[in-house]
*Asks:* 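Below is one structure. I have some questions about it.
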There are 2 protein chains.
Amino acid sequence: MKIETRKQQIINAAATLFKEKGYSAVTMRDIAKSMGIKASSLYNHISSKQDILTTIIISLAEEFTNGMDVIKTSQIDSIEKLKQIISLHISITTSNTFGMSSLNSDWMHLEERLDYYLKLRDDYEENFRCIIINGIKNKEIIDVNPEVMLFSILSTLRSLYLWIPKKEDLKQEELVENLSQVLISGVQK
Amino acid sequence: MKIETRKQQIINAAATLFKEKGYSAVTMRDIAKSMGIKASSLYNHISSKQDILTTIIISLAEEFTNGMDVIKTSQIDSIEKLKQIISLHISITTSNTFGMSSLNSDWMHLEERLDYYLKLRDDYEENFRCIIINGIKNKEIIDVNPEVMLFSILSTLRSLYLWIPKKEDLKQEELVENLSQVLISGVQK
DNA sequence: TAATTTAACTAACAATTGTTAGTTTACTGT
DNA sequence: ACAGTAAACTAACAATTGTTAGTTAAATTA
C-alpha cells in the first residue's frame, strides 16, 4: 500500500508548476519533465490535463465547504466563528500552498465542474456573510457594510497561499493568533 | 487628435480578456476577434503579445510607485498614511479593474521587464513596511508582527479589482471610509 | 514459472499558437 | 488630383499543444 499514488505525485508536480506559471502556461511536457518521464506516460495515471486541474480544485473547495459546515452549526459566538474560519484557511493553506494557487487563479479553466465549483464558492461566501450579519445583530461586530467586511477578510485569507511559504519561521498557531488580532481588532492602537 | 489611440483600444480589449482567462489562455486571435479585426492587423499597432502585457503592467506599477512616493514623504501621521494608501489603491483600481488583474495574476509572464517590475513591487512593499514599523514606534499602531499587518492589508487592497466591479453602487469615497475603518480599526465592536 | 498488471517508452496526429510578408483600401493634407 | 499614411486584409510559416496508438520492460501475483 503506497503512501502516495503515482496520480497524486503527478497532481503535486502539476500544482507546483501551476503556481509558478498558471494552468494555461504549463504544458503536459513541462509536468512530465519535472518528474523525469515523457508526457505520454502521464496518461497511464490521469485522463487529461483538465482532470488534473479539476482534482486539485474540487478537493480543496470541498475541504473548505466541510470546514464551514462545522463552523456554522457550532454553538459559539460570532467572533469565535470568525477565528475558526481564519484557522480553517491557515490550516488548509499550510498543507497545500500549491493547490491553493490553482483554486484562486485557475478556477475559470474548469469545464464540466465549473458550475459545481461556483456553487461551492457562492455557498461558502453566503455562510460567511451570514456569520457577519448575525454578529452585527448580536452587537458583537460593528455596524458597517457587511460586504466590505466579508470582502476584506476573505481577500486576506484567500491570499495566504502567496505568503505562508515565504514566512516558514512563523508557527501556525502564532499566525492564527496574530492574523485574528489584525483582522478582528484592526491595527490601530 | 484622437482621445484613445488604436493601440490603447487594443490594450483595453486585451486587458478585458486577460482578466477573464489570464494572459496565457488569451490568443492574439481572441483579442482581434473582440475588436472585429484579424490577428495580423494588431501588429500595425503593437509589436508583440508581450508588448501588450508589459504596457498594461508597467504603467500600473509605476502609478503605484508614484503614489507611494507622495505618501511616504508627506507630513502626516502613520494612520493617515495608511488611509492614503487605501485611497490610492481604490482610486487606481476603480479606473482600471482589468489591468489590475494582469498586474496581480500575470506579472510572471513579463520577460525583459520582469526584474524592473519586481523591483518596483519590492520597493513598494518596503515603503509600506516602513510606514507600519514607524507607526509601531510612534505607538499609533499595535505592536504585532508587522509582516502580518503588511500582508493582511496589502492582500485586501490587491484583491480590490475582483470586487469593485461587482459593487458599483458603492461610491468611491464611501468605500474608502468603510474599508479604512475595517482595515484600521477591525470589525469587532 | 507463467500470467497479469503497472508504468514507462517512441512516434505520430490534428489543431492551435504568435508572428511575418506582401497587398489592398480609405482617409488626410498639399 | 496626388502623395503619403494608417489600418485593414489574405496567406502562410515553424513551433508547440494535448492526446492517442501501439509497444516494451519490470514488478507483482497466481
Side-chain angles (χ1 to χ4, degrees), chain A residues 1-58 102 105-114, chain B residues 1-58 98 101-102 105-114:
Chain A
M1 205 175 335
K2 257 183 252 148
I3 303 248
E4 193 181 37
T5 68
R6 197 74 175 130
K7 172 165 180 171
Q8 196 55 56
Q9 288 176 14
I10 291 172
I11 287 167
N12 291 343
T16 305
L17 294 173
F18 291 168
K19 187 180 177 196
E20 263 176 51
K21 317 200 292 173
Y23 173 75
S24 302
V26 173
T27 71
M28 296 301 278
R29 285 163 181 85
D30 289 336
I31 299 170
K33 188 167 244 175
S34 84
M35 305 186 69
I37 62 177
K38 299 288 173 174
S40 53
S41 304
L42 296 170
Y43 289 83
N44 288 315
H45 309 280
I46 51 96
S47 62
S48 65
K49 191 187 175 190
Q50 260 299 305
D51 177 40
I52 298 175
L53 183 70
T54 303
T55 305
I56 292 172
I57 292 181
I58 298 296
S102 299
S105 305
D106 289 319
W107 56 267
M108 72 286 280
H109 300 114
L110 291 173
E111 292 169 5
E112 299 95 34
R113 304 294 285 276
L114 176 59
Chain B
M1 207 181 326
K2 258 183 251 150
I3 303 249
E4 193 180 35
T5 68
R6 197 76 174 129
K7 173 164 179 172
Q8 197 55 56
Q9 287 176 16
I10 291 172
I11 287 168
N12 290 342
T16 305
L17 294 172
F18 291 168
K19 187 181 178 195
E20 263 177 51
K21 319 201 291 174
Y23 173 74
S24 303
V26 173
T27 70
M28 295 301 278
R29 285 165 181 83
D30 290 336
I31 299 169
K33 187 168 247 174
S34 85
M35 305 187 68
I37 61 177
K38 300 288 172 175
S40 52
S41 305
L42 297 170
Y43 289 84
N44 288 315
H45 310 280
I46 53 96
S47 62
S48 65
K49 191 186 177 192
Q50 260 299 305
D51 177 40
I52 298 175
L53 184 69
T54 303
T55 304
I56 292 172
I57 292 180
I58 298 296
F98 299 107
S101 175
S102 299
S105 305
D106 289 318
W107 56 267
M108 72 285 280
H109 300 114
L110 292 173
E111 292 170 5
E112 299 96 32
R113 305 293 284 275
L114 177 58

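Labels below follow one simple rule: chain letters A, B, ... track the order of the sequence lines, proteins then strands, and each chain is numbered from 1.
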*Asks:* Taking OP1 and OP2 of C:dC9, is either one under 4.0 Å from a side-chain nitrogen or oxygen of A:Ser40?
*Replies:* no

*Asks:* Which heavy atom of A:Met35 sits nearest to which heavy atom of A:Ala13, and what is that distance?
*Replies:*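 That would be CG-CB, 3.8 Å.
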
*Asks:* Any side-chain N or O of A:Arg6 below 4.0 angstrom from OP1/OP2 of C:dA8?
*Replies:*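 Yes, because at least one side-chain N or O of A:Arg6 sits under 4.0 Å from OP1 or OP2 of C:dA8.
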
*Asks:* Look at the side-chain N and O atoms of B:His45 and state whether any lies under 4.0 Å from the OP1 or OP2 oxygen of D:dA6.
*Replies:*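 Result: no.
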
*Asks:* Using whole Å, what does the distance between atom P of nucleotide C:dC9 and atom NZ of A:Lys33 come to?
*Replies:*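 Atom-to-atom, A:Lys33 to C:dC9, this comes out as 13 Å.
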
*Asks:* Would you kindly give the CG-to-C1' distance between B:Asp51 and C:dT19, to the nearest whole Å?
*Replies:* 13 Å

*Asks:* Using the 3.5 Å cut-off, write out each protein N or O paired with an N or O of nucleotides 25-29 of chain D and the distance between them.
*Replies:*
none

*Asks:* B:Ser41 side chain: which of D:dT19, C:dT19, D:dA8 is closest?
*Replies:* D:dA8

*Asks:* What's the CZ-P distance between A:Arg29 and D:dT19, to the nearest Å?
*Replies:* 11 Å

*Asks:* Looking at CG of A:Asn12 and CD1 of A:Ile52, how far apart are the two atoms once the value is rounded to the nearest 0.5 Å?
*Replies:* 11.0 Å

*Asks:* Tell me if a side-chain donor or acceptor on B:Asp51 pairs with a main-chain N or O of B:Ser47 at a distance below 3.5 Å.
*Replies:*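 A pair under 3.5 Å: yes.
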
*Asks:* For B:His45 versus B:Lys7, what's the shortest heavy-atom pair and its separation?
*Replies:* O-CD, 3.7 Å

*Asks:* Under 4.0 angstrom, heavy atoms only, what part of the nucleic acid is B:Thr27 near: base, sugar-phosphate, or nothing?
*Replies:*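 The residue B:Thr27 makes sugar-phosphate contact but no base contact.
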
*Asks:* Need to verify one output field. Residue with the more 5' nearest nucleotide on DNA chain D, A:Ile46 or B:Ala39?
*Replies:* B:Ala39

*Asks:* What is the distance from CG of B:Leu42 to C1' of D:dA6, rounded to the nearest Å?
*Replies:*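 After rounding, the gap between these two atoms is 15 Å.
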
*Asks:* Would you say C:dA8 has OP1 or OP2 under 4.0 Å from some side-chain N or O of A:Lys38?
*Replies:*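 Negative; the distance criterion is not met.
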
*Asks:* Calculate the interatomic distance between A:Gln50 atom CD and D:dT17 atom P; express it in whole Å.
*Replies:*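 In whole Å, D:dT17 P lies 17 Å from A:Gln50 CD.
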
*Asks:* Using a 4.5 Å cut-off on heavy atoms from C-beta on, say whether the side chain of A:Gln50 contacts that of A:Tyr23.
*Replies:*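 The answer is yes, as the side chains (C-beta and beyond) meet within the 4.5 Å cut-off.
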
*Asks:* Of the options C:dT19, D:dT19, D:dA8, whose atoms approach the side-chain atoms of B:Ile37 most closely?
*Replies:* D:dA8

*Asks:* Could you check whether the side chain of A:Asn44 and the base of C:dA8 have a donor-acceptor pair of N or O atoms closer than 3.5 Å, going by distance alone?
*Replies:*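 Flag set: donor-acceptor pair detected.
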
*Asks:* Is A:Ser34 close to A:Thr16 at the side-chain level, that is, under 4.5 Å between some pair of heavy atoms?
*Replies:*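 No; the side chains remain at least 4.5 Å from each other.
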
*Asks:* Nearest whole angstrom, please: distance from the P of C:dT17 to the NZ of B:Lys49.
*Replies:*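 Distance check: B:Lys49 NZ to C:dT17 P gives 9 Å.
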
*Asks:* Mark yes or no for whether B:Asp30, through its side chain, and B:Thr27, through its backbone, hold a donor-acceptor pair below 3.5 Å.
*Replies:*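 Between the backbone of B:Thr27 and the side chain of B:Asp30 there is a qualifying donor-acceptor contact (under 3.5 Å).
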
*Asks:* To the nearest Å, how far apart are A:Lys7 NZ and C:dT6 C1'?
*Replies:*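 So the NZ-C1' distance, A:Lys7 to C:dT6, works out to 16 Å.
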
*Asks:* Please give, in whole Å, the distance from D:dG18 P to A:Met28 CE?
*Replies:*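 The answer, rounded to whole Å, is 7 Å.
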
